[in-house]
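To start, the structure itself, in structure tokens.
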Amino acid sequence: MAQSYTPGLTVADCMRVQKRRILPIKGKVLTETGLTLDAATIVAQTDLPGDVYPVNIANILGIGPKEVHAAMLKQQGEKVENNEVIAKSTSFFGLFKSYVHAPREGTIESISNVTGQVILRGDPLPVEVRAYIPGRVVEVLPDNGVVMECWATFIQGIFGIGGETTGKLVMGVSGPEQILEADALSESHRDCIVVGGALAKADTIRRAEEMGIRGIVVGGFDDRDLRDYLGYDLGVAITGSEDIKLTLIVTEGFGHIQMADKTFGLFKKNEGRSVSINGATQIRAGVIRPEVVIPIDSDMSKEKLRTTSQMGGLGLDSPVRCIREPYFGRIGRVTGMPSELQMLESETRVRVLSVRFEDGEEAMIPRANVEIIEGMI
């Protein structure tokens with residue numbers, strides 16, 4: 001059978017999941033190889049340098065740059081408080097005095113007799129990295145972080161916003177074709193990850209924020225609602241750092257799209273479990289997919305286990321998802337793989353696939369426009 005390699009989304013009942021938990025700069029690792037941790041455990045920490053605040057002492061006091069050192073009341077390396085006087089000058093035999101106040105608390109980092117400026121460095125910003133998934137520490141990266149590992153049900157989405165969070169998995173609808181309505185959410189969902197069906201709208205996400213819900217996972221989401229919710233258009237850069245109170249993961253695509261039966265079934269099967277999710281997405285080079293990690297017991301038969309490094313070949317009957325228009329987000333199976341190049345409307349010749357969608361429609365699609373759904377049988 002003809003096969004080719006195509007990267008794709010993973011939807012797996014059971015697989016080994018490894019996550020690198022790395023500090024942005026070198027710091028201190030707080031755990032050891034072999035220890036079993038929960039998702040909230042802090043595994044590494046460091047301090048980011050504080051913001052820099054230049055203060056033009058010479059200009060403020062009306063003195064020359066070489067006179068700045070003599071005017072300073074605080075010296076290099078000393079700590080200062082917000083609005084504390086750090087420099088003073090006198091004139092006309094001491095009758096007139098001028099003062100310079102610190103714009104915020106911090107430390108005097110440097111004093112220049114060339115520019116007449118003082119550099120005030122704000123307090124260090126503490127950074128903590130948590131385990132994110134419950135499991136075992138399989139590797140310690142000295143001064144940088146750790147690698148965590150667990151067995152889990154692992155589901156990748158096609159798009160997401162918001163960062164890492166954890167919570168109990170609850171079903172917000174009874175079927176994958178249903179819309180997750182705002183009035184279906186309540187206080188009982190506080191601190192939970194709620195799974196919807198075919199669609200959620202901006203008012204549903206706002207209601208979820210009000211209820212203290214940590215995450216929403218749904219089949220489809222309208223791009224206009226996304227703009228309405230965020231208040232701006234998303235660019236092509238990586239998502240995940242938005243200033244929002246929850247994480248949203250879309251499993252199928254933009255618009256009213258029913259969640260895949262297998263994906264919905266895995267969520268329903270694991271309802272009530274603790275899950276870890278991350279909405280970070282990058283479509284272009286260095287692809288990053290939003291994800292849902294549902295840790296499970298590891299005492300399962302070896303035949304069922306998959307690893308994150310497994311990538312299947314694209315062949316007949318392979319489950320695929322379209323990643324470009326006009327079929328963006330639609331799921332189907334490969335029914336044919338013509339070996340000859342086909343002419344597109346753009347007059348370019350490419351390799352194509354014959355795909356039958358879940359509603360029975362068939363289409364010829366460039367191979368570059370699809371990705372395999374890993375783990376889907």
Side-chain angles (χ1 to χ4, degrees), residues 6-11 17-27 39 43-44 46 48-49 51 125 127-133 141 144-148 152 154-167 193 200 202 205 208-209 213-255 257 263 275-293 308-309 311 321-325 328-329 368-374:
T6 299
L9 300 179
T10 299
V11 180
V17 176
Q18 288 191 345
K19 292 295 174 185
R20 292 170 60 87
R21 311 301 295 154
I22 306 298
L23 292 165
I25 61 173
K26 287 187 175 183
V43 297
T46 190
L48 292 177
D51 294 332
L125 306 174
V127 174
E128 297 175 338
V129 173
R130 299 181 185 272
Y132 174 56
I133 59 173
L141 308 172
N144 288 286
V146 302
V147 178
M148 295 294 300
F154 185 76
I155 298 169
Q156 287 183 315
I158 199 167
F159 176 80
I161 55 174
E164 298 174 354
T165 189
T166 60
I193 309 299
I205 306 303
E209 282 191 336
I213 292 170
R214 295 185 180 180
I216 296 287
V217 184
V218 69
F221 199 75
D222 194 288
D223 59 346
R224 290 171 297 183
D225 283 323
L226 181 64
R227 189 185 314 114
D228 180 28
Y229 172 61
L230 293 176
Y232 58 89
D233 286 310
L234 274 177
V236 296
I238 183 173
T239 71
S241 58
E242 295 77 19
D243 185 18
I244 55 179
K245 298 179 181 178
L246 55 70
T247 296
L248 170 68
I249 294 179
V250 178
T251 63
E252 314 305 323
F254 287 106
I257 307 177
T263 305
V275 302
S276 302
I277 69 173
N278 186 1
T281 307
Q282 181 169 294
I283 303 298
R284 296 176 181 257
V287 172
I288 299 172
R289 295 294 189 188
E291 63 185 21
V292 180
V293 183
T308 53
S309 62
M311 297 298 290
R321 185 195 315 271
C322 296
I323 59 174
R324 293 184 178 87
E325 296 293 352
F328 179 80
N369 288 7
V370 303
E371 58 187 359
I372 299 173
I373 305 178
E374 294 289 335

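Counting only distance, with no hydrogens or angles, the side chain of Arg214 and the backbone of Gly167 share no donor-acceptor pair below 3.5 Å. A donor-acceptor contact shorter than 3.5 Å is absent between the side chain of Thr281 and the backbone of Phe159. Put simply, the side chain of Thr239 never gets that close to the backbone of Ala280: no donor and acceptor are under 3.5 Å apart.
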Fill in: side chain to side chain contact (heavy atoms under 4.5 Å, CB included) between Ile25 and Leu48, intermediate numbers included
CA-CA 8 Å; Ile25 61 173; Leu48 292 177; 3.8 Å; yes
Practice prompt. Show your working on side chain to side chain contact (heavy atoms under 4.5 Å, CB included) between Val370 and Arg321 and close with a plain yes or no.
Written response: CA-CA 5 Å; Val370 303; Arg321 185 195 315 271; over 6 Å; no
Item to complete: Go through the steps to decide whether Thr165 and Ile277 satisfy the test side chain to side chain contact (heavy atoms under 4.5 Å, CB included), and finish with yes or no.
Response: CA-CA 6 Å; Thr165 189; Ile277 69 173; 3.5 Å; yes
Item to complete: I would like to know whether Lys19 and Glu291 meet salt bridge (Lys or Arg N to Asp or Glu O under 4.0 Å); could you show each step before the answer?
Response: CA-CA 12 Å; Lys19 292 295 174 185; Glu291 63 185 21; 2.6 Å; yes
For residues 242-251, please give each side-chain donor-acceptor pair under 3.5 Å, one per line with the distance, not counting sequence neighbours.
| unit_1 | atom_1 | unit_2 | atom_2 | d |
| --- | --- | --- | --- | --- |
| Glu242 | OE1 | Gly162 | N | 2.9 |
| Glu242 | OE1 | Gly240 | N | 3.0 |
| Glu242 | OE2 | Gly240 | N | 3.2 |
| Thr247 | OG1 | Gly163 | O | 2.7 |

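Asp51 is linked by a salt bridge (charged side-chain N to carboxylate O under 4.0 Å, His left out) to nothing, counting only residues two or more places apart in sequence or in another chain. Scanning for salt bridge (charged side-chain N to carboxylate O under 4.0 Å, His left out) contacts around Arg20 gives an empty result, with sequence neighbours left out. Partners of Asp233 according to the salt bridge (charged side-chain N to carboxylate O under 4.0 Å, His left out) rule, which considers only residues two or more places apart in sequence or in another chain, are Arg227. Glu209 is linked by a salt bridge (charged side-chain N to carboxylate O under 4.0 Å, His left out) to nothing, counting only residues two or more places apart in sequence or in another chain. Applying the ring pair (Phe, Tyr, Trp, His ring centres under 6.0 Å) criterion to Tyr132, with sequence neighbours excluded, gives no partner residue.
Between atom CZ of residue Phe254 and atom CG of residue Leu226 there is a gap of 6.0 Å, rounded to the nearest 0.5 Å. To the nearest 0.5 Å, the span separating CD1 on Ile205 from CG on Asp228 amounts to 11.5 Å. If you take CE on Met148 and OG on Ser276, they are separated by 10.0 Å, rounding to the nearest 0.5 Å. The line from CD1 of Ile257 to CD of Glu252 is 7.0 Å long, rounded to the nearest 0.5 Å. Taking CD1 of Ile193 as the reference point, atom OG1 of Thr166 lies at 7.0 Å (rounded to 0.5 Å). Note that CD of Glu164 and CD1 of Ile133 are 10.0 Å apart. Values are rounded to the nearest 0.5 Å.
Val127 and Pro24 make their closest contact through CG1-CD, 4.0 Å (heavy atoms, listed as atom of the first residue, atom of the second, distance). Heavy atoms only, all atoms of each residue included: Gln282 and Ile238 are closest at OE1-CB, 3.5 Å. Of all heavy-atom pairs between Pro290 and Gly160, the closest is CG-N, 3.8 Å. In terms of heavy-atom proximity, Ile158 sits nearest to Gly253 at CG2-N, 3.6 Å.
Side-chain contact between Asn144 and Leu23 is absent, with no heavy-atom pair separated by less than 4.5 Å. When side chains are defined from C-beta on, Asp225 does not count as touching Tyr229, because their heavy atoms never get closer than 4.5 Å.
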